[in-house]
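Just below is one structure, and these are the notes that go with it.
Residue numbers begin at 1 in each chain, while the letters A, B, ... track the order of the sequences.
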There are 2 protein chains.
Amino acid sequence: MAARRPRERGVTVEDVARVAGVSRQTISNALNAPHRLKPETLERVSAVIEELGYRPDQSARSLRSGTRRIIAYPAPVDDPANPNALMGGFLEAVVAASGEAGYRVLLVRPRPGQSQEQALDELIAARTVDGFLLSDVLRDDPRLAHLTQAGFPFAAFGRTAPDQPQSWVDVDSAQAVIDMVGLVAARGHRRVAFLASSSGLPWMDDRRDGFLAGVRRHGLAGQVYSVPGDDPGEIIKATRELLTGRDRPTAIVAGGDWLALGVYTVARAEGLEIGTDLAVTAFDDLPVTAWLQPALTTVRLPLHGIAKALISRLLQIIEDGVTPRAGLVLPGEPVIRPSLGPPHAL
Amino acid sequence: MAARRPRERGVTVEDVARVAGVSRQTISNALNAPHRLKPETLERVSAVIEELGYRPDQSARSLRSGTRRIIAYPAPVDDPANPNALMGGFLEAVVAASGEAGYRVLLVRPRPGQSQEQALDELIAARTVDGFLLSDVLRDDPRLAHLTQAGFPFAAFGRTAPDQPQSWVDVDSAQAVIDMVGLVAARGHRRVAFLASSSGLPWMDDRRDGFLAGVRRHGLAGQVYSVPGDDPGEIIKATRELLTGRDRPTAIVAGGDWLALGVYTVARAEGLEIGTDLAVTAFDDLPVTAWLQPALTTVRLPLHGIAKALISRLLQIIEDGVTPRAGLVLPGEPVIRPSLGPPHAL
DNA sequence: GCGTCGGATATGAACGTTCAAACGATCTTC
DNA sequence: GAAGATCGTTTGAACGTTCATATCCGACGC
């Protein structure tokens with residue numbers, strides 16, 4: 001292959017032991033089981049560790065102990081229409097949560113020509129990671145089936161099937177949208193539309209179901225509009241149809257902030273004033289919506305709570321072998337802003 | 001600590017050797033130096049490897065060979081005003097480029113209370129990664145100084161100091177902005193303003209310098225407006241001052257798409273039509289600008305090219321010990337859209 | 001005073017791989 | 001036909017840690 005630079009050798013457990021006048025194992029214990037050491041020994045050893053800047057070699061540790069302290073996160077493709085992952089700050093939250101637990105995040109993606117399952121298998125077989133954190137899980141997600149069959153630890157943002165480990169965390173999207181519909185209803189709106197992106201995505205289905213439950217509960221006239229594609233052009237086209245047809249809705253509950261951007265664009269073009277002529281709510285609270293005028297009423301995802309819960313569950317599987325008996329559902333946080341219009345507007 | 005599940009033992013080199021009827025080392029060579037094997041042996045061994053699904057244990061390999069096949073990427077905080085990193089798809093490109101080279105990306109961030117340098121040291125001392133990929137490098141970035149002193153491999157998106165390894169890649173922001181000014185000048189604009197975010201960020205300085213060079217070259221009246229903060233409120237406030245003062249510019253060259261969003265917002269409120277009353281150009285080509293009406297003229301960063309070049313340089317340092325003699329400057333790609341206005345508008 | 005216990009530390013082995021060197025067989029060379 | 005040179009393969013050792021077990025030492029019970 002290639003010429004390799006001479007390997008600079010670091011401080012080893014042997015070096016520390018020699019300086020501290022104790023054995024290897026005592027150094028190891030000082031780091032992994034400090035309670036076993038006499039307090040004075042611990043103090044002395046810690047001082048030497050600090051002084052020499054000793055850090056156990058991660059590879060050697062992993063080889064012997066079988067634990068990698070690394071979690072793999074299969075990065076979803078950064079699709080704006082699917083802001084759960086990178087864009088929404090979820091990755092941020094995951095890195096923070098796992099870092100606090102002493103784990104690091106390995107970002108993985110199938111190589112060209114490789115299936116998702118093959119990519120997982122490679123990491124499992126090479127014993128590169130201790131577990132997986134999945135997001136954007138689909139109904140019958142092949143990754144879940146694969147990991148379940150392999151008996152490999154994972155935690156999922158999004159529900160798993162009943163016969164799979166219930167190591168998942170999800171947002172109560174349906175309830176959050178019901179709340180949105182409630183807010184719209186309280187302001188006197190009767191004709192309400194739900195704007196959904198191309199379906200099949202479980203979270204979008206949940207939001208739509210919440211909408212349907214909401215209109216039923218409040219006795220509203222609710223219709224669901226699905227946009228065939230995900231790009232701005234299609235969203236705008238579908239939204240224009242919705243807003244220029246007869247029996248135009250007075251309120252739009254969008255399945256995502258991204259869709260609400262389309263509503264703003266069309267409303268502006270059609271001379272409809274949001275918050276007055278048209279109430280708009282959305283979902284996700286993406287940073288970009290800070291630019292919208294009037295500000296957008298939406299649902300904020302508790303990303304840090306989700307990430308913490310996921311890491312906590314994953315580490316319980318990895319470290320204690322305990323698989324959660326049930327999934328965890330966290331509430332979304334309604335963020336009420338002027339796009340909803342004033343109370344009793346109509 | 002905690003009860004640990006019995007470690008399931010994987011397929012080892014020993015197992016493959018036994019089945020294939022050769023020695024350990026031959027298996028190792030089949031994977032790492034296939035040219036050393038007789039073709040028929042290679043074929044037989046490969047078949048057995050495939051059959052047993054053997055993958056070398058990453059930890060054992062790392063321990064012995066000293067190579068981790070992992071690159072650390074210190075994740076910048078996901079600040080919308082700084083869209084170089086997560087939001088702009090750079091991370092995507094990095095994962096793809098390193099994956100193709102057989103490396104994985106470890107996302108790291110200092111733990112609470114830990115300095116950036118300490119976080120780097122920890123990874124170096126624990127021999128967790130082979131090198132670092134840095135983005136959002138500042139002038140006199142302490143991370144660069146630290147890694148240089150430690151003699152540890154890195155590559156940087158953004159220029160390094162002259163006394164540091166020239167293992168950097170950067171975009172020719174200045175030239176790209178000069179081009180933008182040229183486009184504006186060609187359309188007859190004379191009073192042009194540059195909108196910058198809170199300064200001190202090298203790439204923003206480069207863009208501003210490009211603007212100044214551009215107005216000088218074309219003999220325009222150019223002024224630079226710096227926004228004190230990074231959040232939408234401040235950007236809008238500064239932009240409003242700019243657009244309502246006397247001698248209002250007829251063209252705005254924004255230092256970033258994020259700033260251009262402010263221009264659109266203010267222009268709309270002030271009744272100025274973009275592309276007619278006001279020409280607007282920007283920088284970054286963020287996905288969100290797809291929503292702007294009229295579409296935004298901007299500069300696209302060649303993120304995949306940047307990532308590929310960075311990985312290539314980093315691996316040359318890691319694998320061959322060769323440090324690049326000079327940095328690499330890639331051009332930005334002007335993307336001309338209607339916000340610029342028609343040719344010879346004035 | 002002797003055996004027993006328990007806490008603290010030490011020792012040998014093992015994790016699974018690749019390195020460095022050795023080995024045997026075949027091919028050159030004169 | 002002997003002395004290398006080359007090729008393909010094998011062997012012993014080493015990477016740096018933690019596991020499992022052994023050892024040491026003082027305290028305690030009877």
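- At least one side-chain nitrogen or oxygen of B/Asn32 sits closer than 4.0 Å to the OP1 or OP2 atom of C/dT18.
- Evaluation of the ring-ring contact (aromatic ring centres under 6.0 Å, His included) rule for B/Phe132 yields B/Phe152 as partners, not counting sequence neighbours.
- Not one side-chain nitrogen or oxygen of B/Ser59 sits closer than 4.0 Å to the OP1 or OP2 atom of C/dC15.
- A 4.5 Å side-chain heavy-atom check between A/Asn32 and A/Arg61 finds at least one atom pair inside the cut-off.
- The nearest whole Å value for the distance from the CZ atom in A/Arg64 to the P atom in D/dA14 is 19 Å.
- If you take CZ of A/Arg68 and P of C/dC15, they are 14 Å apart, rounded to a whole angstrom.
- Nucleotides of DNA chain C nearest to B/Glu14 and A/Thr41 differ in position, and the one nearer the 5' end is that of A/Thr41.
- Under the 3.5 Å distance criterion, the side-chain polar atoms of B/Asn29 are left unmatched by any main-chain donor or acceptor of B/Arg36.
- B/Val105 is not listed as a side-chain neighbour of A/Val108, based on a closest heavy-atom distance of 4.5 Å or more.
- Between A/Leu301 and A/Phe90, every side-chain heavy-atom pair lies at or beyond the 4.5 Å cut-off.
- With 3.5 Å as the limit, one finds no donor-acceptor pair spanning the side chains of A/Asp141 and A/His146.
- In this structure, A/Arg55 places its CZ atom 13 Å from P of D/dT18, rounding to the nearest Å.
- No donor-acceptor contact under 3.5 Å links the side chain of A/Arg36 to the base of C/dA8.
- Minimum atom distance to the side chain of A/Tyr54 is reached by D/dT17, of the listed C/dC19, D/dT17, C/dT9.
- Between the side chain of A/Ser46 and the backbone N or O of A/Leu42, at least one donor-acceptor pair lies under 3.5 Å.
- Axis deviation across the helix from C/dG1-D/dC30 to C/dC30-D/dG1 amounts to 40°, comparing end segments of five pairs, rounded to 10 degrees.
- In the set C/dT9, D/dT10, D/dT17, the nucleotide with an atom closest to the side chain of A/Asp57 is D/dT17.
- Protein atom NZ of B/Lys38 is 17 Å distant from nucleotide atom P of C/dG24, rounded to whole Å.
- Taking atom CG of B/Leu31 as the reference point, atom P of D/dT9 lies 14 Å away to the nearest angstrom.
- Picking from C/dT9, C/dG16, C/dA13 the nucleotide with the shortest atom distance to the side chain of B/Ala60 gives C/dG16.
- The pair A/Glu43-A/Lys38 does not meet the salt-bridge criterion, since no charged nitrogen lies less than 4.0 angstrom from a carboxylate oxygen.
- If you measure from atom CD1 of A/Ile49 to atom P of D/dG16, you get 17 Å, rounded to the nearest angstrom.
- The side chain of B/Ser62 contributes no N or O atom lying less than 4.0 Å from OP1 or OP2 of C/dT17.
- Atom CG of A/Leu63 is separated from atom C1' of C/dT18 by 12 Å (rounded to the nearest Å).
- We find that CZ of A/Arg18 is positioned 12 Å from P of D/dG16, with the value rounded to whole Å.
- Looking only at side-chain heavy atoms (C-beta outward), B/Ser167 and B/Thr160 stay at 4.5 Å or farther from each other.
- Heavy-atom distances under 4.0 Å link DNA chain D to B/Val22, B/Ser23, B/Arg24, B/Gln25, B/Thr26 of residues 20-28 of chain B, given in residue order.
- Remark on DNA chain D: of its neighbouring residues B/Asn29 and A/Asn29, the 5'-side contact belongs to B/Asn29, judged by nearest-heavy-atom nucleotide.
- Of the possible polar contacts, one joining the B/Arg109 side chain to the B/Pro76 backbone as a donor-acceptor pair under 3.5 Å is found.
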